[in-house]
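Report on the structure given below.
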Amino acid sequence: MPILTPTTTDIIAQAAQHLCDGGLVALPTETVYGLGCDATNPKALATLYATKGRPRNHPVIVHIASVQQLSDWAMDIPDIAYVLAKAFWPGPLTLILTKKPHVLDAVTGGQDTVGLRIPNHPVALDLLNAFGRGVAAPSANRFGHVSPTTAAHVVDEFGDALWVLDGGPCTVGVESTIVDVSSGNVRILRPGMMTAEAIQQIAGITAKPYEKGGVSPRVSGNLTKHYAPTTPVTLMTHDDLIAAWTTLTSLEQATRGLITLDDFVKVHSPQHISLGQHPTGYAERLYAALRHLDTMGLTSLWVELPPQTGEWEAIHDRLKRCAAS
Ligand code: TXA
Ligand code: MG
């Protein structure tokens with residue numbers, strides 16, 4: 001099945017039917033492309049896990065079309081969940097809530113919570129509305145690899161046997177912020193471009209980061225190496241990067257990839273990508289840049305460390321995981 005451009009409701013209806021039949025459909029969201037299946041179908045979930053090469057105890061996010069559907073999946077929903085949902089959905093925020101008894105272990109990883117989100121992408125919303133139930137969708141990449149932000153990236157991961165709905169390049173570019181509200185408190189399990197500060201402003205309470213050593217929900221944030229290209233990644237400050245670069249011979253320079261904030265006057269090479277000074281624009285293009293440089297047969301990728309401020313937190317988190325050996 002080639003990449004499908006969902007310009008007609010007919011294509012959406014066919015994709016929804018494919019989900020009903022237990023098939024997998026890769027779908028665009030505003031964050032990254034997801035690999036979707038019927039979240040109530042154990043066989044479809046088994047295929048999903050096998051396709052991704054993902055450990056069975058690793059939970060997946062259920063994507064829904066409306067806030068009303070929250071109570072199909074979650075119970076004992078605290079008010080704070082509705083406050084955040086109202087403020088940020090559809091959008092790049094996943095809420096962790098106490099699951100209803102029927103929610104499959106394959107969705108929750110055997111935990112008593114379920115992750116839910118309404119994505120902010122017209123194609124995803126059309127598909128979710130046409131399907132009418134929840135769609136389990138991890139990022140559409142092989143386990144541990146960089147998430148896809150275009151339909152072509154999904155085909156690079158899985159080949160063209162898969163149904164892929166093309167919704168253009170993702171505009172957020174990194175995965176959703178995951179917030180555990182199951183206890184009525186607000187704990188950030190995975191930073192995203194929806195910042196802790198924005199969440200705190202709406203919630204009116206401090207969003208605490210997840211503390212290691214406590215009761216440990218299984219999130220990709222707990223895996224050190226994740227979101228990683230195959231080429232080794234090294235993070236460097238601006239000054240260290242310039243200093244190291246200038247000591248290389250031009251032959252050596254040709255084997256290094258560079259990702260920087262700005263164009264350095266002294267650093268010009270086809271393997272140099274500058275992603276800019278703005279976190280939103282940087283995040284939008286980061287994964288495509290990593291994937292592009294990863295195809296060039298380089299010995300290493302050098303990445304300039306962005307500023308240490310809250311709006312860069314998700315980017316820092318992903319870069320650190322890329323660089324973990
Ligand atoms: O932006 C996103 O969140 C994308 C798009 C497709 O929606 N999805 C995504 O899915 O990044 P995935 O599976 O690659 O990452 C979801 C993370 C996993 O690390 C998983 O452990 C965590 O969400 N998660 C899901 N359900 C959970 C739960 N009940 N408790 C704790 N963590 C959960
Ligand atoms: Mg993922």
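Predicted model, so just to flag it, every value in this text is computed and none were measured. In this chain, residues are counted from 1 in sequence order. Order of listing sets the numbers, starting from 1, for every ligand and every atom in it.
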Does the side chain of [X] come under 3.5 Å of the side chain of [Y] through a donor N or O and an acceptor N or O?
X    : Y    : value
T231 : D294 : yes
S147 : E175 : yes
E30  : H121 : no
R256 : T234 : no
S182 : T113 : no

With backbone taken as N, CA, C and O and side chain as the heavy atoms from C-beta onward, which portion of [X] lies under 4.0 Å from ligand 1: side chain, backbone, both, or neither?
X    : answer
T113 : both
K52  : neither
K99  : neither
T108 : neither
D180 : neither

*Is it possible for you to say whether Y82 and L116 belong to one hydrophobic cluster, with membership spreading through side-chain heavy-atom contacts below 4.5 Å?*
yes
*For the pair W312 and Y282, name the ring-plane relationship: parallel under 30°, tilted 30 to 60°, perpendicular over 60°.*
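Perpendicular.
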*Check the angle between the aromatic planes of H102 and W73 and answer parallel, tilted or perpendicular using the 30° and 60° thresholds.*
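The arrangement is tilted - the two ring planes meet at 30° to 60°.
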With heavy atoms of [X] as the reference, note each atom of ligand 1 found under 4.0 Å away.
X    : result
I96  : 27 (C), 28 (C), 30 (N), 31 (C), 32 (N), 33 (C)
I178 : 17 (C), 22 (C), 23 (O)
P138 : 10 (O), 12 (P), 13 (O)
H58  : 19 (O), 21 (O)
T31  : 1 (O), 2 (C), 4 (C), 5 (C)
Q111 : 28 (C), 30 (N)
R190 : 2 (C), 3 (O), 9 (C), 11 (O), 15 (O), 16 (C), 17 (C)
G34  : 6 (C)

_Using a distance threshold of 2.8 Å, state whether an N, O or S atom of S139 lies below it from the Mg ion (ligand 2)._
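Looking at S139, which is the residue asked about, there is an N, O or S atom under 2.8 Å from the Mg ion (ligand 2).
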Whether [Y] and [X] form a salt bridge (side-chain N of Lys/Arg under 4.0 Å from carboxylate O of Asp/Glu) is what I want to check.
X    : Y    : value
D72  : K100 : no
E157 : K52  : no
R190 : E313 : no

_For atom 8 (N) of ligand 1, which of the options A137, S176, G192 provides the nearest non-hydrogen atom?_
A137
*Nearest non-hydrogen atom to atom 24 (N) of ligand 1 belongs to which of G115, P55, P59, A26?*
P59
Hey, does [X] come in under 3.5 Å of ligand 1, counting only N/O atoms on both sides?
X   : result
T29 : no
H63 : yes
Y33 : no

*Is the number of heavy atoms from other residues, nucleotides or ligands within 6.0 Å of CD (E197) greater than 12?*
no
